[in-house]
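Report on the following structure.
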There are 2 protein chains.
Amino acid sequence: MTCPPELDPTRLLTPRAREVLAAARVVLEREGWQTLTMRTLADELGIAAPSLYKHFASKDALRTQLIALALKEFGEAVRPVSTVATLVRHYRDVAAANPQLYRLATSGTLDREALPPGLEEWSGSPFFEATGDPHRAQALWAAVHGMVVLELDGRFPTGTAPEATWRELVAHFS
Amino acid sequence: MTCPPELDPTRLLTPRAREVLAAARVVLEREGWQTLTMRTLADELGIAAPSLYKHFASKDALRTQLIALALKEFGEAVRPVSTVATLVRHYRDVAAANPQLYRLATSGTLDREALPPGLEEWSGSPFFEATGDPHRAQALWAAVHGMVVLELDGRFPTGTAPEATWRELVAHFS
DNA sequence: GTCTATACAAAGATAGAC
DNA sequence: GTCTATCTTTGTATAGAC
């Protein structure tokens, strides 16, 4: 399920900028955002760090593009929407497959001005489609997000969240 | 409701180290962990930055102490335990009153070796007491945590989470 | 679009005197 | 317990040539 073309955040980038973005994603998943530096990113591409500024004005501009890319991909990954259980399953899986990108996109403040209008809403709407109610949708989204981040951070005693805990959560919202 | 003395993380600190810790907490809430530097902390205390190293071996050691302090205080703030609704209410309130400390204590990996043994479990046990089941407890904790962090980051469309969303969540676990 | 050279700032931490 | 002086590293970003 692809997102509408007008919401695609990469549509205004040059081909080379897209390559830089793809490399940034690789480095991000390998090292995390804090340790992704313009130098390590340049190394990944085999170029010198100052060259990156021909494609992105700053590290923060790069961050915004990565977040937008994440909203697009995560929104696509959970579609089409069927049941709550399936939605939760897909959400978990895409977060687990892209842990650093998930973190980057979902924590800290979001510069909404810099995103394609409608992308954030499109990304979250599956929760409304699955629950049929805005407040149920928000509560489910928050609950799943909480499980995901605690799991990514190894905060459950066993490391990962027990399957029984996931079942418990899904059951409450089904 | 105070925590057992053997779980109190400050019991081994010198009086002066406790003052440093208290100042660190003030600076943390004012500026966030990333922008709390040894220099800004020293300024808050009216001393020079290198002096801090007489009390804490590193910035990371200070972080560990802050986290331990948070687990103690948050655990105290939600006790005694009665209903799920009341627990959630207290949890929200203490997180909202100490947003930066809450973030610091609940995100990123946790160095369990450095905490007083049993403190983390004691901090989380109210959720078990309120639900009577370990998996329900984990699911409730994760759900509330998700709501809190999304709210702190301004991720809900309205900024804060609607009360109706909180009610929805509590209802599912009551 | 890439390079080299460099500016500029900030942060964590140590040494040694008082 | 605090100071001054300093080291070392790191990171973002700019200038200007090719």
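Residue numbers begin at 1 in each chain, while the letters A, B, ... track the order of the sequences.
- The side chain of B:Pro50 lies closest to D:dC3 when the candidates are D:dT6, D:dA15, D:dC3.
- Here the C1' atom of nucleotide D:dT12 and the CE atom of A:Met38 are 8 Å apart, to the nearest Å.
- Atom pair A:Leu13:CG and C:dG1:P shows a separation of 12 Å (rounding to whole Å applied).
- Checking the phosphate oxygens (OP1, OP2) of D:dG1, no side-chain nitrogen or oxygen of B:Lys54 falls inside 4.0 Å.
- Atom CZ of B:Arg39 and atom P of D:dA5 are 14 Å apart (whole Å).
- Looking at heavy-atom distances under 4.0 Å, A:Ser51 makes contact with a base.
- Here the side chains of A:His135 and B:Arg167 are not in contact, with every heavy-atom distance at 4.5 Å or above.
- The distance from atom CZ of B:Arg63 to atom P of C:dA13 is 13 Å, rounded to the nearest whole Å.
- Checking B:Ser125 against B:Arg79 by side-chain atom types alone, a donor-acceptor pair falls below 3.5 Å.
- Judged by distance alone, with hydrogens and angles left aside, the side-chain atoms of B:Ser174 form a donor-acceptor pair with the main-chain N or O of B:Val170 at under 3.5 Å.
- A straight line from CD of B:Glu19 to P of D:dT2 spans 9 Å, rounded to a whole angstrom.
- When rounded to the nearest whole Å, the span between CZ of A:Phe56 and P of D:dT12 equals 15 Å.
- The nearest heavy atom of DNA chain D to B:Gly46 and to A:Asp60 marks one nucleotide each, and the one closer to the 5' end goes with B:Gly46.
- Taking the centre of each ring, A:Phe173 and A:Phe127 stay at or above the 6.0 Å mark.
- Both tests pass for B:Lys59 against the ring of B:Trp33: distance under 6.0 Å to the centre and angle within 45° of the axis.
- Counting atom types as modelled, A:Arg16 pairs no side-chain N or O with a base atom of C:dG1 as donor and acceptor under 3.5 Å.
- Closest to the side chain of A:Tyr53, out of C:dG12, D:dA13, C:dT2, is D:dA13.
- Among C:dG12, C:dG1, D:dG1, the nucleotide with an atom closest to any side-chain atom of A:His55 is C:dG1.
- Across the protein-nucleic acid pair, B:Lys59 atom NZ and C:dA11 atom P stand 8 Å apart, rounded to whole Å.
- When distances run from any side-chain atom of A:Ala48 to the nucleotides C:dA13, D:dG11, C:dT4, the shortest one goes to C:dT4.
- Atom CG of A:Leu41 is separated from atom P of D:dT10 by 18 Å (rounded to the nearest Å).
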